[in-house]
Structures are given as C-alpha cells and as structure tokens.
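Quantities reported herein were computed from a predicted structural model and do not represent experimental measurements. Naming convention: chains lettered A, B, ... in sequence-line order (proteins, then strands); numbering from 1 in each chain.
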There are 2 protein chains.
Amino acid sequence: MKDKNSVLRKLKEAKFKLTPQRMAIIEILIRDTSHPSADAIYEKLKKKFPMMSYSTIYNTLNILKDLGEIIELLIRENKINYDPNTTPHHHFLCEICGKIKDIYQKPDIDIHYIDNHKIKKCRIYFYGICSNCLKNRKDD
Amino acid sequence: MKDKNSVLRKLKEAKFKLTPQRMAIIEILIRDTSHPSADAIYEKLKKKFPMMSYSTIYNTLNILKDLGEIIELLIRENKINYDPNTTPHHHFLCEICGKIKDIYQKPDIDIHYIDNHKIKKCRIYFYGICSNCLKNRKDD
DNA sequence: GTACTTGCAAACAGTTTGCATAGGC
DNA sequence: GCCTATGCAAACTGTTTGCAAGTAC
C-alpha cells in the first residue's frame with residue numbers, strides 16, 4: 001500500500017466498489033503509522049461516519065489483506081493489528097507503552113525451505129522496552 | 001518445562017496447590033508435542049475430569065506462563081497455542097494441515113538492542129506447507 | 001481451619017455473519 | 001437497474017471474571 005490511488009485502482013480492477021467508507025479506511029491506513037487495530041480505525045472514523053459499523057471495517061480490511069495491500073500482525077494476544085507497509089520488515093512491541101515499531105535492521109530471513117517445509121512467509125516479533133520508555137525511566 | 005516433578009516443585013515453592021486437575025494439565029503439556037490450545041487441553045481432559053472447566057485450564061496455563069514453564073504462541077489469529085519447550089526455538093505453521101512444528105535450524109537472534117529499543121524476547125513464526133503435506137501433494 | 005481452587009455462569013472482547021436497505025457504477 | 005456494500009443486530013470464539021462450594025495443606 002504505497003499511495004491511495006494505486007490501491008483504489010487495484011480495488012477497481014478486482015471489481016470492488018469505491019465507497020466513501022472504504023476510501024476513508026484506506027486513507028487512515030496510509031496515514032496512520034501506529035499499526036492500528038480494527039477498533040482504532042473505528043474510533044477515528046466515527047467522527048466522519050457516525051453510522052460506521054465494524055462489518056464495513058472488517059470487510060475492507062479483509063479485502064485489502066487478500067489483495068496483499070496490508071499485512072496482519074499477530075503481535076498482541078487476541079487482537080489483530082494491521083500494517084499498510086508490505087515491504088519485508090519486522091515488528092517490535094513495547095511492553096510499557098504498548099506501541100508497535102517497525103524494525104528494518106535485521107535482514108529478511110531469506111530461506112525457502114527449513115526441515116523440508118516450504119516457507120512462504122516469515123514474521124519476526126520483538127518484545128521489550130522502546131527507546132522512548134527507556135529514556136523516561138532514566139529521567140526518574 | 002522439562003519433567004513433571006520439577007514443575008510441581010516450582011509450583012509448590014510459589015505456594016500454589018497441587019490439585020489433580022493441575023497435575024493432569026501439566027502431564028498433557030509435557031506429553032503433547034502439538035502445541036495445544038486451551039480447548040485442545042480441555043478436550044483431552046474431559047474424559048478424566050467430566051466436570052473440568054475452562055477457568056481451571058486458563059488459571060493453570062497463566063500460572064505456568066508466569067512461572068516461565070510454558071510459552072505462548074501467537075501464530076494463529078485469535079487463538080493462543082502453548083509450548084512447554086522453553087528453550088530458544090521458533091515455529092512453523094502449515095497452511096494445509098494446520099500443524100505447528102518446532103524450528104531449531106535458525107540460530108536464535110541474539111541481540112539486546114535494536115534502534116535503541118531494549119529487546120527482551122523474540123518470536124519467529126514461519127508459514128508455509130509442511131514436508132508431509134508437500135509429499136502428499138506429489139502423490140496426487 | 002484457612003486460604004486457595006474449582007466449576008459454573010455470566011461477562012467480555014474481537015471478529016464474523018445474516019439480512020434488509022442504501023448506494024456505487 | 002443491478003448487484004455489491006453498508007449498518008445493524010445477533011451469533012460466535014476465545015478468554016476472563018465473580019462467586020459459592022469444595023479441597024489441598
């Protein structure tokens with residue numbers, strides 16, 4: 001998911017309709033670098049669309065996932081976060097502030113087979129304390 | 001979680017009671033290499049304990065997790081799987097048969113800081129087609 | 001005997017589904 | 001005008017919680 005227009009084009013090609021709600025969800029995903037969950041998107045949208053429902057959000061998120069425009073992160077228990085950045089990278093969850101950070105430093109694990117299992121995708125999740133929370137601790 | 005007795009000792013030290021239900025859950029975790037979820041454990045236990053409830057299972061799983069005797073795997077959406085093997089290793093989920101396999105091949109990522117974030121734990125999840133499902137496909 | 005555990009039910013959170021209506025194309 | 005998408009409610013899944021009764025120690 002690079003720019004809004006390319007996503008809209010892809011949706012159109014796949015015969016999906018470009019409703020205002022869908023476009024608003026896509027705009028949020030592109031702008032929001034916090035890896036929002038469905039309910040974070042819902043909270044942001046209900047100002048503009050007071051009638052917005054979760055079915056619309058999940059419907060759109062699942063379409064975008066199937067089209068390969070967003071990635072789902074299983075970094076928290078019982079909750080899915082979404083990342084519009086589909087280039088190979090990984091994630092860090094801060095145990096203090098709960099923020100998710102992108103990690104580019106580690107090279108992508110470029111393996112096609114492990115123990116004769118065919119590898120199609122790989123997700124790396126790091127957990128710890130983010131730079132900002134570390135700094136605040138020292139300030140105490 | 002290596003052997004039953006060491007886990008029981010640890011529970012006792014932490015002032016937890018050794019109930020038959022708890023011991024049965026621990027036995028299952030030690031024997032079952034499939035990385036069971038709470039409901040898989042429930043299904044196995046209800047033969048022996050027809051009255052078994054999920055609160056007991058989650059209670060015990062959370063205690064064992066806090067004691068560092070089991071690890072929780074966020075490899076599937078909206079479901080937690082548990083692994084009694086707490087030595088550093090990673091996991092593979094087969095998209096065909098749904099089985100979770102242990103992966104020892106990749107060296108543990110031994111980093112303490114990335115982008116100034118303090119790393120306390122790291123989980124690597126691989127997704128693809130397992131050796132067995134690949135073999136069955138070829139047999140077609 | 002005391003305090004923790006159990007089992008049940010109910011609550012809860014996140015996600016999915018069914019269906020009548022609205023609206024994109 | 002057709003057919004998909006929306007919004008609402010209800011269902012559903014996995015997990016957590018409150019509480020009376022049971023039980024390990």
(Q) Distance check needed: C/dA13 C1' versus B/Glu77 CD, whole Å only. (A) 15 Å
Q: Give me the residues of residues 10-20 of chain B where at least one heavy atom lies under 4.0 Å from an atom of DNA chain D, by number, or none.
A: B/Lys17, B/Leu18, B/Pro20
Q. A/Arg76 side chain N/O closer than 4.0 Å to the phosphate oxygens (OP1, OP2) of C/dG14?
A. no
Q. Within the distance-only criterion (no hydrogens, no angle test), does the side chain of B/Thr60 pair as donor or acceptor with the backbone N or O of B/Ile57 below 3.5 angstrom?
A. no
(Q) Going by the rule salt bridge (charged side-chain N to carboxylate O under 4.0 Å, His left out), which residues pair with A/Lys12 if we only count those two or more places apart in sequence or in a different chain? (A) none
Could you tabulate the donor-acceptor pairs under 3.5 Å formed by side-chain atoms of residues 16-29 of chain A, not counting sequence neighbours?
from: A/Thr19; atom 1: OG1; to: A/Arg22; atom 2: N; distance (Å): 3.2
from: A/Arg22; atom 1: NH1; to: A/Lys17; atom 2: O; distance (Å): 2.9
from: A/Arg22; atom 1: NH2; to: A/Asn59; atom 2: OD1; distance (Å): 3.1
from: A/Glu27; atom 1: OE1; to: A/Arg31; atom 2: NH2; distance (Å): 3.2
from: A/Glu27; atom 1: OE2; to: A/Lys4; atom 2: NZ; distance (Å): 2.4

**Q.** Whole-Å gap separating P (C/dG14) and CG (B/Leu74)
**A.** 15 Å
Q) Axis-to-axis angle across the helix from C/dG1-D/dC25 to C/dC25-D/dG1, five pairs an end, to 10 degrees? A) 30°
Would you list the atom pairs, donor with acceptor, under 3.5 Å between side chains in residues 122-130 of chain B and any protein atom, with sequence neighbours excluded?
from: B/Arg123; atom 1: NH1; to: B/Glu72; atom 2: O; distance (Å): 2.9
from: B/Tyr125; atom 1: OH; to: B/Leu74; atom 2: N; distance (Å): 2.9
from: B/Tyr127; atom 1: OH; to: B/Ile75; atom 2: O; distance (Å): 2.9

**Q.** With sequence neighbours excluded, residues passing salt bridge (charged side-chain N to carboxylate O under 4.0 Å, His left out) with A/Lys2
**A.** none
Q: Return the set of residues passing side-chain contact (heavy atoms from CB on, under 4.5 Å) with B/Ser34 (not counting sequence neighbours), or none when no residue passes.
A: B/Asp32, B/Pro36
Q | Atom pair distance, as rounded to whole Å: NZ in B/Lys79 and P in C/dT16 | A | 14 Å
Q) Going through the distances and angles, do B/Asp102 and B/His90 end up as a side chain to side chain donor-acceptor pair (under 3.5 Å)? A) CA-CA 6 Å; B/Asp102 290 300; B/His90 302 291; over 6 Å; no
Q) Which pairs pass ring-ring contact (aromatic ring centres under 6.0 Å, His included) with one or both residues in residues 36-58 of chain A, sequence neighbours excluded? A) A/Tyr42-A/Tyr54
Q. How about A/Leu61 and A/Tyr82: do any of their side-chain heavy atoms sit closer than 4.5 Å?
A. yes
(Q) Can you tell me how far apart SG (B/Cys97) and CG (B/Asn132) are? Round to the nearest 0.5 Å. (A) 7.0 Å
Q. Between which nucleotides of DNA chain D, read 5' to 3', does contact with chain B run, using atoms under 4.0 Å from its heavy atoms?
A. D/dG14 to D/dC25
Q) Looking across every strand, which nucleic acid part, if any, lies under 4.0 Å from B/Gln21 by heavy atom: base, sugar-phosphate, or nothing? A) sugar-phosphate
Q: For DNA chain D, find the residues of residues 36-69 of chain B with a heavy-atom distance under 4.0 Å and give them by number; none if there aren't any.
A: B/Ala38, B/Ser55, B/Tyr58, B/Asn62
Q | Residue list, side chain to side chain donor-acceptor pair (under 3.5 Å) with A/Asp115, at least two apart or on another chain | A | none
(Q) Check this for me: B/Lys99, atom NZ, are more than 12 non-hydrogen atoms of other residues, nucleotides or ligands nearer than 6.0 Å? (A) no
Q: Quick one: list whatever passes salt bridge (charged side-chain N to carboxylate O under 4.0 Å, His left out) with A/Lys48, sequence neighbours left out.
A: none
